[in-house]
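Below is one structure, written out as structure tokens, with a few remarks after it.
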There are 2 protein chains.
Amino acid sequence: MVRKQSAADQPLRLDNQICFAVYSAAHAFNRVYKPLLDRLGLTYPQYLVMLVLWEQDDVPVKDIGERLFLDSGTLTPLLKRLEAAHLLKRTRSSEDERQVLIALTPQGQALKEKARNVPQSILAASECSVSELVAMKNEIVALRNRLNAVIGE
Amino acid sequence: MVRKQSAADQPLRLDNQICFAVYSAAHAFNRVYKPLLDRLGLTYPQYLVMLVLWEQDDVPVKDIGERLFLDSGTLTPLLKRLEAAHLLKRTRSSEDERQVLIALTPQGQALKEKARNVPQSILAASECSVSELVAMKNEIVALRNRLNAVIGE
DNA sequence: TCACATTTAATTGTTCGCAATTGAATATGC
DNA sequence: GCATATTCAATTGCGAACAATTAAATGTGA
């Protein structure tokens with residue numbers, strides 16, 4: 001019995017790999033964000049940290065790390081750069097001296113206004129309807145959560 | 001008129017952003033791949049380069065870059081590391097001296113066999129059916145291509 | 001032919017991302 | 001109460017990722 005070779009029969013082909021799709025999409029997003037975030041003086045990971053802080057201020061480094069799935073080796077130098085840019089302050093907690101609390105400065109809070117129009121620019125670049133994007137986002141988040149669960153084992 | 005505030009009304013919320021979903025999913029994939037690729041002595045970007053070369057050998061750096069959406073600033077040092085690991089050889093083309101041609105060594109070709117079971121391990125970790133993954137992959141690729149088109153303007 | 005533009009890799013400098021380790025603070029068990 | 005374990009941030013070292021620049025080779029037009 002002869003049958004046509006389908007894509008699924010070639011698992012090592014680059015174009016068949018969802019992981020490469022995700023990897024390359026992440027870079028593509030980054031490149032779209034870059035000119036927008038340059039105006040705010042932020043990199044994309046720095047923007048993510050600011051998003052967390054705009055939702056909840058005065059949080060320990062660990063909480064930010066859990067939100068973004070990043071560890072202190074990534075966050076510590078990044079937060080120091082944001083502190084050097086006067087967007088936040090790092091202070092060791094008095095209740096638990098192991099923790100460093102991150103609090104926005106007035107400039108850091110003010111930057112939220114300048115960032116307000118970023119999401120709609122990204123939406124435009126994606127050339128997608130909001131409902132399509134929401135559906136995709138939910139699928140990707142579900143996949144990510146399953147992957148993270150496997151790692152945690 | 002009062003109505004409930006929906007997710008779409010809060011574009012700056014981290015959890016509403018597809019880009020963060022993609023970004024964090026890429027990292028999650030990376031963490032799942034890591035132990036598998038450690039056995040091959042490869043990082044994930046190095047694995048991607050090997051995937052390209054397993055499909056087509058003896059190609060210029062530029063072709064690899066176009067396939068992976070990476071530039072020479074990323075690829076040159078990465079390829080030098082793969083050369084140091086005796087997986088490939090870099091030789092300047094005699095027809096066009098600007099080009100550097102990348103060719104697998106026998107070890108590089110042999111590694112393909114050891115890599116053969118990687119995709120199925122990833123599939124298992126995703127806890128998804130193949131058809132679901134293919135559908136998601138196609139959506140993400142389509143999104144990525146639209147984003148890259150915007151950048152190219 | 002010769003000036004000029006284009007193509008291609010390589011280089012430099014900055015920022016992530018993470019593993020592994022360190023060191024200090026806190027929690028736990030006996 | 002004290003030894004031990006755990007938690008948390010910081011540090012170190014390595015490998016991406018990319019912008020900007022450099023340098024060499026090639027292509028093009030007058």
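- Each of B/T74 and A/G73 lies near DNA chain D, and the nucleotide nearest A/G73 is the one positioned closer to the 5' end.
- Salt-bridge annotation for B/D38 and B/K34: present, with a side-chain N of the basic residue lying under 4.0 Å from a carboxylate O of the acidic one.
- Contact check, B/T76 against C/dA9: no side-chain N or O comes under 4.0 Å of OP1 or OP2.
- In terms of polar N and O atoms assigned as donor or acceptor, the side chain of A/S72 comes within less than 3.5 Å of the base of D/dA10 in a complementary pairing.
- Residue A/K80 places at least one side-chain N or O closer than 4.0 Å to OP1 or OP2 of D/dT11.
- Between A/Y47 and A/Y33, the two ring planes are tilted [angle within 30° to 60°].
- With a 6.0 Å radius and a threshold of 12 heavy atoms from other residues, nucleotides or ligands, B/Q56 has its CD atom at or below the threshold.
- Of the candidate nucleotides D/dG15, C/dC16, C/dC18, C/dC16 has the atom lying nearest to any side-chain atom of B/Y23.
- Along DNA chain C, the nucleotide nearest to A/F69 and the one nearest to A/E97 differ in position, and the one closer to the 5' end is contacted by A/F69.
- Distances were taken from every side-chain heavy atom of A/P45 (C-beta onward) to each of C/dG17, C/dA19, C/dA10; the shortest belongs to C/dG17.
- For D/dA16, one of the phosphate oxygens OP1 or OP2 lies less than 4.0 angstrom from a side-chain nitrogen or oxygen of B/R81.
- Place A/H27 and A/L101 on DNA chain D by their nearest nucleotides, and A/L101 ends up nearer the 5' end.
- Proximity note for A/D96 (side chain, C-beta onward) versus C/dT26, D/dT26, C/dT11: the nearest is C/dT26.
- The aromatic rings of A/Y23 and A/H27 stand perpendicular to each other, their planes meeting at an angle above 60°, with 30° marking the opposite boundary.
- Looking at the side chain of A/V100, the nearest of the listed nucleotides D/dC18, C/dC16, D/dA10 is D/dA10.
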